[in-house]
2 protein chains.
Amino acid sequence: MKISTKGRYAVRLLLDIAMNDEVEPVRLKDTAERQDISMKYLEQIISILVRAGYVKSIRGPQGGYRLTKEPKDYTIGMILRQVEGSLAPVSCLDDDVNTCERQEECVSLRIWRELNDAINGVVDKYTLQDLIEWQQEANLDYCI
Amino acid sequence: MKISTKGRYAVRLLLDIAMNDEVEPVRLKDTAERQDISMKYLEQIISILVRAGYVKSIRGPQGGYRLTKEPKDYTIGMILRQVEGSLAPVSCLDDDVNTCERQEECVSLRIWRELNDAINGVVDKYTLQDLIEWQQEANLDYCI
DNA sequence: ATAATTCATATTGACATACTAGGAAAAGAG
DNA sequence: CTCTTTTCCTAGTATGTCAATATGAATTAT
C-alpha cells in the first residue's frame, strides 16, 4: 500500500517547477540538485507529465519546463494517478480490469470501494497551490 | 497502492472460518475449496494469523482452525496490518523506519498523514462481524 | 559550430509477490 | 502401534515491479 518514489517525486518535481519558474523555465538539472533526485530518473518522470500535458518543455540552451496550468489546477491525486496509474486498493476497482468473477458475491468489495473513495477524497482535496503555501509558511518559520 | 492477495486472502480466510465453524474446527482444505485459493498458500497465511494469536489450530484428524475471539473483535485493519505489515502510504510514517532527512521541511508529509488516517479510518471501522452480516444478507437475496 | 538542454530507449540489480514443493510433526481412529 | 489426516516448517521459483543507470539522439540558443 505504498506510494512509489515515482509518484512522490512527481509531486516534488511539479512543486519545484511551480516555485522556481520566475523568468526562465526550470531546468531539470537544477531541480535534480535542489531536490536531490537523480536527473536521469526525473527525465523519465517528467516525460510522463509532458505527455499528459501537465508541463510543456522548451528544448535547447535556456530551455526547461513550465507548468501548463495554474498550481491550483493540479490536485495531488491527478499527479499521482498520472504517474502511478490507478490508486485503487484492489484491481477489481480499476474500470478496465474487472476480471474478478466474485464481484457479485464479494462482500469485501464494499470496504475496498469505501477505502478507494477515502483515498481519492484526500489526494483530490489538495492542490499544488496548497503545497506552495505550506512551503512558503515553512520557509518563513525557518527564517524567524 | 494495492492491497496484496495475501491481505485479501487473509480476510476471506478468517471470514470463511468464522462462518463455517459449527461443530468441528475448519479445515484449510475445505476453505481452500470454498474460496478457490491454493491450500499451500493459505497455509502460509494462516501461520501468520496463528502466530498473531488470531486463530488457534487443532492438529491431526478432525483438526482445523478456530477463531480465538468474537468476529466483532477483528477489524479489517488488524487483519491487513498483520499479514501485510503497515498500511502507511509512505514509509516516513512507519514508526520504526523514519529515516527521511526531509521530514521537517517536507510539506507533502501533511497530505500523507491525512491519507494514512483516512485509510486506517476505513479499514478499522469494519469488523469480521460486518462482513458476516453482509454475506448473510447477500445469501438471502440470492435465495429469494 | 558548440554547448546545453530535452527526448527516447534499453539495461540492470534488488526486491517483492504469489505461489509451489517436499517433507516433518502431531494426534485421533482402528 | 500403525495409518491417516491434519497442521507446521522451510526452501525454492517464476514473474514482475521498483528505482534507478546508461547511452546516445534530437533540438536549439548563442
Side-chain angles (χ1 to χ4, degrees), chain A residues 1-10 12-13 17 20-21 23-33 35-66 68 80 83-86 89-91 97 99-100, chain B residues 1-10 12-13 17 20-21 23-33 35-66 68 80 83-87 89-91 97 100:
Chain A
M1 282 288 286
K2 291 280 184 286
I3 293 175
S4 69
T5 56
K6 220 163 173 172
R8 288 182 286 116
Y9 289 180
R12 282 167 61 190
L13 173 55
I17 293 177
N20 290 286
D21 181 5
V23 196
E24 296 178 342
V26 178
R27 284 173 305 168
L28 226 43
K29 195 184 155 210
D30 295 336
T31 298
E33 260 178 37
Q35 298 295 325
D36 194 30
I37 302 173
S38 134
M39 178 177 155
K40 277 297 173 189
Y41 199 20
L42 284 182
E43 282 183 355
Q44 284 181 34
I45 295 167
I46 202 134
S47 81
I48 303 172
L49 299 170
V50 170
R51 264 175 278 144
Y54 287 11
V55 293
K56 66 169 174 231
S57 63
I58 298 105
R59 299 174 82 160
Q62 269 51 262
Y65 296 94
R66 286 210 150 108
T68 54
L80 293 178
V83 300
E84 299 243 321
S86 156
V90 295
S91 56
V97 197
T99 49
C100 180
Chain B
M1 283 287 287
K2 290 279 184 286
I3 293 174
S4 68
T5 57
K6 222 161 171 172
R8 287 182 286 117
Y9 288 180
R12 280 166 63 188
L13 173 55
I17 294 176
N20 291 285
D21 181 3
V23 197
E24 297 179 342
V26 178
R27 286 172 303 169
L28 226 43
K29 195 183 153 211
D30 295 337
T31 298
E33 259 177 37
Q35 299 295 325
D36 194 28
I37 302 174
S38 133
M39 178 175 155
K40 278 295 177 187
Y41 199 21
L42 282 181
E43 280 182 359
Q44 287 182 27
I45 295 167
I46 201 134
S47 80
I48 303 172
L49 298 171
V50 170
R51 266 175 276 145
Y54 286 11
V55 294
K56 66 170 175 225
S57 62
I58 298 108
R59 299 174 80 160
Q62 269 53 260
Y65 296 94
R66 287 211 150 110
T68 54
L80 292 179
V83 300
E84 299 243 323
S86 156
L87 297 179
V90 295
S91 56
V97 197
C100 180

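The figures that follow rest on heavy atoms only: side chains count, while hydrogens, waters and symmetry mates do not. Convention: sequence-line order gives letters A, B, ...; per-chain numbering from 1.
B/S4 comes within contact range of the sugar-phosphate backbone alone, with a heavy-atom separation under 4.0 Å but no base atom that close. Counting non-hydrogen atoms under 4.0 angstrom, B/S47 reaches nothing in the nucleic acid.
The heavy-atom pair separating A/T68 from A/K56 by the smallest distance is CG2-N, 3.7 Å. Across all non-hydrogen atoms, the minimal contact from A/V83 to A/G7 is CG2-CA, 3.5 Å. Taking all atoms of both residues into account, the shortest heavy-atom contact from B/L80 to B/R8 is CD2-N, 4.4 Å. Contact between A/A32 and A/S38 at its shortest, heavy atoms only, is CB-C, 4.4 Å.
Each of B/K40 and A/I3 was assigned the nucleotide of DNA chain D with the nearest heavy atom; the assignment lying further toward the 5' end belongs to B/K40. Between A/R51 and A/G63, the residue anchored closer to the 5' end of DNA chain C is A/G63, taking for each the nucleotide with the nearest heavy atom. Nearest-nucleotide assignment on DNA chain D puts the 5′-proximal partner with A/T5, out of A/P61 and A/T5.
Taking side-chain N and O atoms only, A/S57 has a distance below 4.0 Å to OP1 or OP2 of C/dC7.
Remark: the backbone N or O of B/E24 is not paired with any side-chain donor or acceptor of B/Q62 at under 3.5 angstrom. Between the A/T31 side chain and the A/L13 main chain, no donor and acceptor come within less than 3.5 Å of each other. The backbone N or O of B/I3 lies less than 3.5 Å from no partner atom in the side chain of B/E84, so there is not a single donor-acceptor pair. Remark: the backbone N or O of B/Y65 is not paired with any side-chain donor or acceptor of B/S57 at under 3.5 angstrom.
Counting to the nearest Å, the P atom of C/dA8 and the CD1 atom of A/I48 are 13 Å from each other. Here C/dA8 presents its C1' atom at 10 Å from CD of A/E43, a figure rounded to the nearest Å. Rounded to an integer number of Å, the gap from B/I37 CD1 to C/dC19 P is 9 Å. Distance, A/M1 CE to C/dT17 P: 13 Å, rounded to whole Å. For the pair A/D30 CG and C/dT5 P, the interatomic distance rounds to 8 Å; values are reported in whole Å.
Side-chain contact check for B/T5 and B/Y41: at least one donor-acceptor pair (N or O, by modelled atom type) lies under 3.5 Å.
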Report summary line: Each base of DNA chain D marked ( ) or [ ] if paired in-strand (Watson-Crick or G-U under 3.5 Å), | if paired to another strand and . if unpaired gives ||||||||||||||||||||||||||||||
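Protein chain A contacts DNA chain D from D/dA19 to D/dA29, reading 5' to 3' and using non-hydrogen atoms of the protein with a distance under 4.0 Å.
At a cut-off of 3.5 angstrom, the base of C/dA25 holds at least one donor-acceptor pair with the side chain of B/R59.
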